[in-house]
Amino acid sequence: MLRVENLHIGYGQIEILHGVSLDVKENEIVAVLGANGAGKSTLIKTLIGWLKPRSGEIYLNEEPIQQLPPWQRIAKGIGLVPETGRIFRDLSVEDNLRLGAYLQSEAIIKEQFQVVYELFPILAERRKQTAKTLSGGEQQMLAIGRAMMSNPRLLLVDEVSMGLMPILVKRVLQVIGELRNHQVSVLLVEQNAYEALKIVDRAYILENGHLVLQGTPQELQENPKVKAAYLGG
Ligand SMILES: Nc1ncnc2c1ncn2[C@@H]1O[C@H](COP(=O)(O)OP(=O)(O)O)[C@@H](O)[C@H]1O
Ligand SMILES: [Mg+2]
């Protein structure tokens, strides 16, 4: 689905990611785990096209996409849940969702409303409410729902756990796990390794601009270095 080869990314003189290669297969949920400042958002911004890599390749279904602007990547089936959601606070839940579908036909929009309201029944209940009146967790759900409205085949999720109470982190990540049943592949970047490892098929560990380890949740949970650095011993 997604294949990234040897990406070097930075800002000005400073290189942040020094040759990142990874892949996400069809219907796979994959995490990139790393501490604050590791470069997770930098990677996501490059994949959606907000940042240009210095070198390296990005392929979507074996087609190179790094020359495409963000909207064309979205049209090709990439969805984005940006860091801290970025919903439209003064619009209703329904209007926020509709904006996520601006490239879609009415038939798809209708279908995706159903998908999103099934994933997040609370959003259906609140559909006429302005987004700013939602709780933090509900706002994150709205951000995911909005990304799902574009009917993506690959969803990029930037740190959905940020700022949420532990119980909501679990709930929101659980729903991301359920996206498996909707023929969506997911690449999520997370600081919360403990919770993310509960829902993914595979994860990479990002340290000092390199992916230093990868494995199944079980392999990583049993790795002494991962335990010590990311899972609280
Ligand atoms: N626009 C920018 N200009 C310069 N440096 C940046 C910019 N955005 C992020 N950085 C730096 O890049 C590094 C990685 O940031 P980021 O990708 O946001 O990390 P993460 O999402 O893993 O917390 C940090 O050292 C950060 O200060
Ligand atoms: Mg970030």
Side-chain angles (χ1 to χ4, degrees), residues 2 4-24 29-58 65-66 69-70 73-74 78-87 136-137 139-144 146-147 152 154-166 168-170 172-173 175-176 185-200 202-215 217 220 223 225-232:
L2 176 73
V4 162
E5 295 282 349
N6 203 19
L7 275 188
H8 289 256
I9 317 168
Y11 304 95
Q13 300 293 315
I14 301 167
E15 186 171 283
I16 304 288
L17 297 179
H18 316 294
V20 162
S21 301
L22 59 81
D23 68 326
V24 180
I29 304 196
V30 174
V32 170
L33 306 173
N36 190 20
K40 303 182 296 299
S41 296
T42 299
L43 175 64
I44 292 285
K45 286 172 188 168
T46 306
L47 296 178
I48 196 66
W50 291 345
L51 267 178
K52 228 178 144 50
R54 295 177 169 183
S55 59
E57 332 282 338
I58 307 169
I65 59 164
Q66 76 258 37
R73 300 188 196 194
I74 292 167
I78 301 185
L80 171 68
V81 182
E83 202 168 15
T84 71
R86 301 209 199 171
I87 53 166
Q139 291 187 17
Q140 283 292 32
M141 293 176 196
L142 179 55
I144 298 168
R146 190 181 57 189
L154 171 71
L155 193 64
L156 306 174
V157 183
D158 192 350
E159 202 113 33
V160 80
S161 74
M162 187 133 52
L164 291 186
M165 291 189 300
L168 287 174
V169 172
K170 271 185 210 295
V172 171
L173 284 172
V175 177
I176 289 175
S185 309
V186 180
L187 178 68
L188 67 140
V189 300
E190 260 302 331
Q191 218 178 127
N192 190 333
Y194 181 79
E195 291 298 339
L197 284 175
K198 291 182 182 170
I199 62 126
V200 297
R202 216 151 46 81
Y204 296 87
I205 307 276
L206 177 63
E207 271 177 14
N208 303 321
H210 298 274
L211 294 176
V212 293
L213 270 176
Q214 71 146 314
L220 293 173
N223 182 302
K225 279 191 203 146
V226 175
K227 269 193 198 167
Y230 298 95
L231 302 172

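Not measured: the values here are computed from a predicted model. Ligands are counted one by one from 1 in listed order, and the atoms in each one are counted from 1 as well.
- Polar contact with ligand 1: present for Ser41 (N/O pair, distance under 3.5 Å).
- The N, O or S atom of Glu83 lying closest to the Mg ion (ligand 2) is OE2.
- In the vicinity of Ala35, heavy-atom distances shorter than 4.0 Å reach the ligand 1 atoms 22 (O).
- Ser41 and Glu159 share no donor-acceptor pair across their side chains, judged by distance under 3.5 Å alone.
- Arg202 contributes atom CZ, which lies 12.0 Å from atom CD1 of Ile29 (distance to the nearest 0.5 angstrom).
- The shortest N/O to N/O separation between Lys40 and ligand 1 falls below 3.5 Å.
- At a cut-off of 2.8 Å, Asn36 does not coordinate the Mg ion (ligand 2) through any N, O or S atom.
- Contact between Gly37 and ligand 1 is present, with at least one heavy atom of the residue lying under 4.0 Å from the ligand.
- Taking 4.0 Å as the cut-off, Gly10 does not count as a neighbour of ligand 1 on heavy-atom distance.
- Of all protein heavy atoms, the one closest to atom 17 (O) of ligand 1 is Thr42 OG1, 2.5 Å.
- The CG atom of Leu22 sits 9.5 Å away from atom CD of Glu5, with the distance rounded to the nearest 0.5 Å.
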Discussion item. Does Ile176 form a side-chain contact (heavy atoms from CB on, under 4.5 Å) with Val81? I'd like the steps, not just the answer.
Written reply: CA-CA 11 Å; Ile176 289 175; Val81 182; over 6 Å; no
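- For atom 13 (C) of ligand 1, the closest non-hydrogen atom on the protein side is Ile16 CD1, 3.5 Å.
- Between the side chains of Tyr230 and Glu207, a donor-acceptor pair is found at a separation under 3.5 Å.
- The main-chain N or O of Asn6 is never found under 3.5 Å from a side-chain atom of Glu57 such that the two would form a donor-acceptor pair.
- In Lys225, the NZ atom is not crowded: 12 or fewer heavy atoms of neighbouring residues, nucleotides or ligands sit closer than 6.0 Å.
- Within a 4.0 Å radius of atom 21 (O) of ligand 1, the protein has at least one heavy atom.
- Protein heavy atom nearest atom 19 (O) of ligand 1, with residue, atom name and distance: Gly39 N, 3.2 Å.
- Between Leu156 atom CG and Leu154 atom CG the span is 5.0 Å, to the nearest 0.5 Å.
- Between Ala38 and ligand 1, an N or O atom pair is found at a separation short of 3.5 Å.
- Counting heavy atoms from C-beta outward, Leu231 and Leu197 have side chains that approach closer than 4.5 Å.
- Not a single protein heavy atom sits closer than 4.0 Å to atom 26 (C) of ligand 1.
- In terms of protein heavy-atom proximity, atom 5 (N) of ligand 1 is closest to Tyr11 CD1, 3.4 Å.
- In this structure, the side chains of Leu33 and Tyr194 stay at 4.5 Å or more apart for every pair of heavy atoms.
- Within ligand 1, counting atoms from 1 as listed, the ones closer than 4.0 Å to a heavy atom of Asn36 are 23 (O).
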